[in-house]
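Right, one structure below, let's go through it.
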Amino acid sequence: MQNQDSYASFMMDHAAGNHADAMTLAGDLHILLSPEGSETARLWSIVGGALLERDQRPVGRPNTPSKRRLGPRRNTATARELLALSDGAPLPWKRGLSGVSYANTATRGAKFMKLEPGQSAPTHGHGALEATVVLQGTFSDGHGVYSRGDLVLGETGMRHKPAAVGDEPCICFVAETSNPIWSLFR
């Protein structure tokens, strides 16, 4: 992970249920596939639960448990379905202008990306947050090398060049926050 503060913030927002659907799926996939993601989610849920308990106690009754639901809203079934889809059945890949293949999902702002062995995407930057979770294979982007379960956050202004590493294709789940300027061109 290139920026621990961004990662902590992303996972804290995930635990609080503050992400849009595409980002929620990225967090869920990271938690399903990564021991680090699973442990981080568990810790943020504990912290969030403790804060809710503290804030929900009526004055004069310090040991009254909270009745609010703890933890994030979950799309785990959907995340598991996406994972099964990427592992099994052939996806309807479409080659983009850059040569990189993409397959759409039913979730707005979410898609699969596939890089063949040795293939790279052009160097590019981001106008909004992008969360990428590696589902198969390995890739590097000039900031690190990532494998199955890793969550890579492309922040506004960050430039990188994703490239598949090794002898197998690299398949990733990519979630993007909406960028109001680009929505004019859809």
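The figures that follow rest on heavy atoms only: side chains count, while hydrogens, waters and symmetry mates do not.
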Are any side-chain N or O atoms of [X] and backbone N or O atoms of [Y], one a donor and one an acceptor, separated by less than 3.5 Å?
X	Y	answer
T24	A20	yes
S9	D5	no
S98	A121	no

Taking the six-membered ring for Trp and the single ring otherwise, decide whether the centroids of H30 and Y7 are under 6.0 Å apart.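 Yes; Y7 has its ring centre under 6.0 Å from that of H30.
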
Joint hydrophobic cluster, [X] plus [Y], side-chain heavy atoms closer than 4.5 Å:
X	Y	result
L129	M12	yes
V133	I171	yes
F112	M23	yes

Any heavy-atom pair between the side chains of [Y] and [X] that's under 4.5 Å?
X	Y	result
Y102	V174	no
S34	L151	no
V134	C170	yes

Could you check whether the rings of H160 and H143 sit parallel, tilted or perpendicular, using 30° and 60° as the cut-offs?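 Because their plane-to-plane angle lies in the 30° to 60° range, the rings of H160 and H143 count as tilted.
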
Whether F10 and H14 hold their rings parallel, tilted or perpendicular, with breakpoints at 30° and 60°: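 The arrangement is parallel - the two ring planes meet at less than 30°.
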
R42: partners by salt bridge (Lys or Arg N to Asp or Glu O under 4.0 Å), with sequence neighbours left out: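 For R42 the salt bridge (Lys or Arg N to Asp or Glu O under 4.0 Å) partners, ignoring immediate neighbours, are E39.
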
By salt bridge (Lys or Arg N to Asp or Glu O under 4.0 Å) - contacts of E168 (at least two apart):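 Expected list: none.
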
Can you name the closest pair of heavy atoms from [X] and [Y] and give their distance?
X	Y	result
T132	E130	OG1-OE1, 3.6 Å
P117	D167	CG-O, 3.5 Å
E116	P169	OE1-CG, 3.8 Å
I31	A41	CD1-CB, 3.4 Å
L153	A131	CD2-CB, 3.8 Å
S120	V100	O-CG2, 4.3 Å

First locate atom CG of D150, then atom CG of L135, and finally report the distance between them rounded to the nearest 0.5 Å.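 Result: 11.0 Å between the selected atoms.
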
Starting at SG of C172, measure out to NZ of K114 and round the result to the nearest 0.5 Å.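 If we round to the nearest 0.5 Å, C172:SG and K114:NZ are 12.0 Å apart.
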
A22: what forms a side-chain contact (heavy atoms from CB on, under 4.5 Å) with it, not counting sequence neighbours?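 By the side-chain contact (heavy atoms from CB on, under 4.5 Å) rule, A22 matches T107, A110, A175.
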
